[in-house]
Amino acid sequence: MDIDKYLAKINCGHVKDVSLKNLTTLQTSHLKRIPFENFDMHMKKPIEFSLENYYDRLVNQSRGGYCIQLNGLFGWLLKNLGYDVCFVPCFFYNQTLKDYFELPIHMILIVSLENRKFYVDVGTSRIIVEPFEIIEGKIQKRIYGSYKFSVVDENYEFERKSNAKNADWTPLIKFKFEPKELDYFRHMNEYVQTEKHPTIFYRTIAVLNIHNGIRYLVGNRFTEIVYGENFEETRIDEILSANEVRLMVREKFGIVMNDIDLFEPVDNLHIYFESSIERKK
């Protein structure tokens, strides 16, 4: 695997010294050039657990991936650049059911730098654009909203509050600082490709950051959100035909698929929510 080719892929060939500024540049550039996507899962193509496979997919093939692929390879890159990086499993908050998922279905990176610890993530569909210092109670404001960490029952809980008037704090993830070797996530790589990770099992999704904004392609719905200097939000929502989705996959997300004609957009997440609500009755 070629570090220089990976850095060139994310337009960071010059960013090799270890610093918070360079870490931020690496993360933000990565998010703008390699998308989060799960299309192979919905085309019955199992995802092999292998850094070499991830490198070939993300760097050579102009594809994206989900957390284990994206954060796994990005963690490898950071380690080879000299960063102190560890892999940590975490739980997503289900905003519809108002509770965390039962299993850890996400992998994040924690980088120790300048006597501080930072949460780093290039493998999520949430609006996490740059490193966040892991420090309890400190509100960290960005153009995308405000963020903070709390400690509850020995877990770090990471919350976001949007820029909307009277917005509430919304949990995003929780985790314990219990670093794991990459091979620990081999089993997770298997079950996140099943209904145990409903948010990617029941729908096709692609996410790519843009300048001061983010793009989503969920099933047949395309959404683009751009944030202004005064935190105002401009939003585009479009419902597309299957053929329009296939065109947009490459034009808006840079994903190259030789068998794109076989790809069918799907969004059946409501099935999971309806069954979950019924089980809770």
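Worth saying up front: this structure is predicted, and the values here are computed from it rather than measured.
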Which is it for Y184 and F87 under the ring pair (Phe, Tyr, Trp, His ring centres under 6.0 Å) test, yes or no, and what are the steps along the way?
CA-CA 9 Å; Y184 171 89; F87 303 101; over 10 Å; no
I'd like to check F74 versus V85 (side-chain heavy atoms, cut-off strictly below 4.5 Å). Are they in contact?
no
Is the distance from the ring center of Y227 to that of Y144 below 6.0 Å?
yes
Any chance you could lay out the side chain to side chain contact (heavy atoms under 4.5 Å, CB included) test for K117 and F177, step after step, and finish with the verdict?
CA-CA 10 Å; K117 285 184 170 57; F177 184 61; 3.3 Å; yes
Close side-chain approach of I260 and R250, heavy atoms under 4.5 Å:
no
Looking at H187 versus F49, is the centre-to-centre ring distance below 6.0 Å?
no
Return yes when atom CG of D259 has more than 12 non-hydrogen atoms of other residues, nucleotides or ligands closer than 6.0 Å, and no otherwise.
yes
Side-chain heavy atoms of K161 within contact of E159, under 4.5 Å:
no
Decide yes or no for K9 and S62: does some side-chain heavy atom of the first lie under 4.5 Å from some side-chain heavy atom of the second?
yes
Compare all side-chain heavy atoms of L31 with those of V122 and state whether any distance is below 4.5 angstrom.
yes
Report the residues that fulfil ring-ring contact (aromatic ring centres under 6.0 Å, His included) with Y119, sequence neighbours left out, ordered by chain and then residue number.
F158
To the nearest 0.5 angstrom, please state how far the CG atom of D121 sits from the CZ atom of F118.
15.5 Å
Just checking, is any N or O donor in the side chain of H197 or T199 under 3.5 Å from an acceptor N or O on the other one?
yes
So, E157 and K174, do they make that salt bridge, N to O below 4.0 Å?
no
Kindly compute the distance separating CD1 (I108) from SG (C86), expressed to the nearest 0.5 Å.
8.0 Å
Counting only N and O atoms by type, is there a donor-acceptor contact under 3.5 Å from the side chain of D40 to the main-chain atoms of G65?
no
D267 and N220: side-chain donor and acceptor closer than 3.5 Å?
no
Over 60° means perpendicular and under 30° means parallel, so tell me whether H30 and Y6 are parallel, tilted or perpendicular.
perpendicular
Are D153 and K176 within salt-bridge range, i.e. N to O under 4.0 Å?
no
Are E37 and R57 close enough for a salt bridge, meaning some N to O gap below 4.0 Å?
yes
So, do I200 and F36 sit near enough that their side-chain heavy atoms are less than 4.5 Å apart?
yes
Taking atom CG of D237 as the centre, report whether more than 12 heavy atoms of other residues, nucleotides or ligands fall under 6.0 Å from it.
yes
Taking the cut-offs as 6.0 angstrom to the six-membered ring centre and 45 degrees off its axis, would you call R63 and F39 a cation-pi pair?
no
When you compare the side chain of L73 with that of M1, does any pair of heavy atoms fall below 4.5 Å?
yes
So, N189 versus R186: side-chain donor-acceptor pair below 3.5 Å or not?
no
Residues R246 and E251 bridged, charged N to O under 4.0 Å
no
For N258, does the CG atom sit with more than 12 other heavy atoms under 6.0 Å from it, leaving out its own atoms?
no
Would you kindly say whether N71 and Y54 are connected by a side-chain donor-acceptor distance under 3.5 Å?
no
If every non-hydrogen atom of S125 is compared with every non-hydrogen atom of V207, which pair is closest and at what distance?
CB-CG2, 3.7 Å
Please determine whether the number of non-hydrogen atoms from other residues, nucleotides or ligands lying under 6.0 Å from atom OH of Y191 exceeds 12.
yes
E154 atom CD: more than 12 heavy-atom contacts under 6.0 Å
no
Do E48 and P46 make a side-chain contact, defined as non-hydrogen atoms from C-beta onward lying under 4.5 Å apart?
no
Below 6.0 angstrom between ring centroids: does that apply to F175 and Y156?
yes
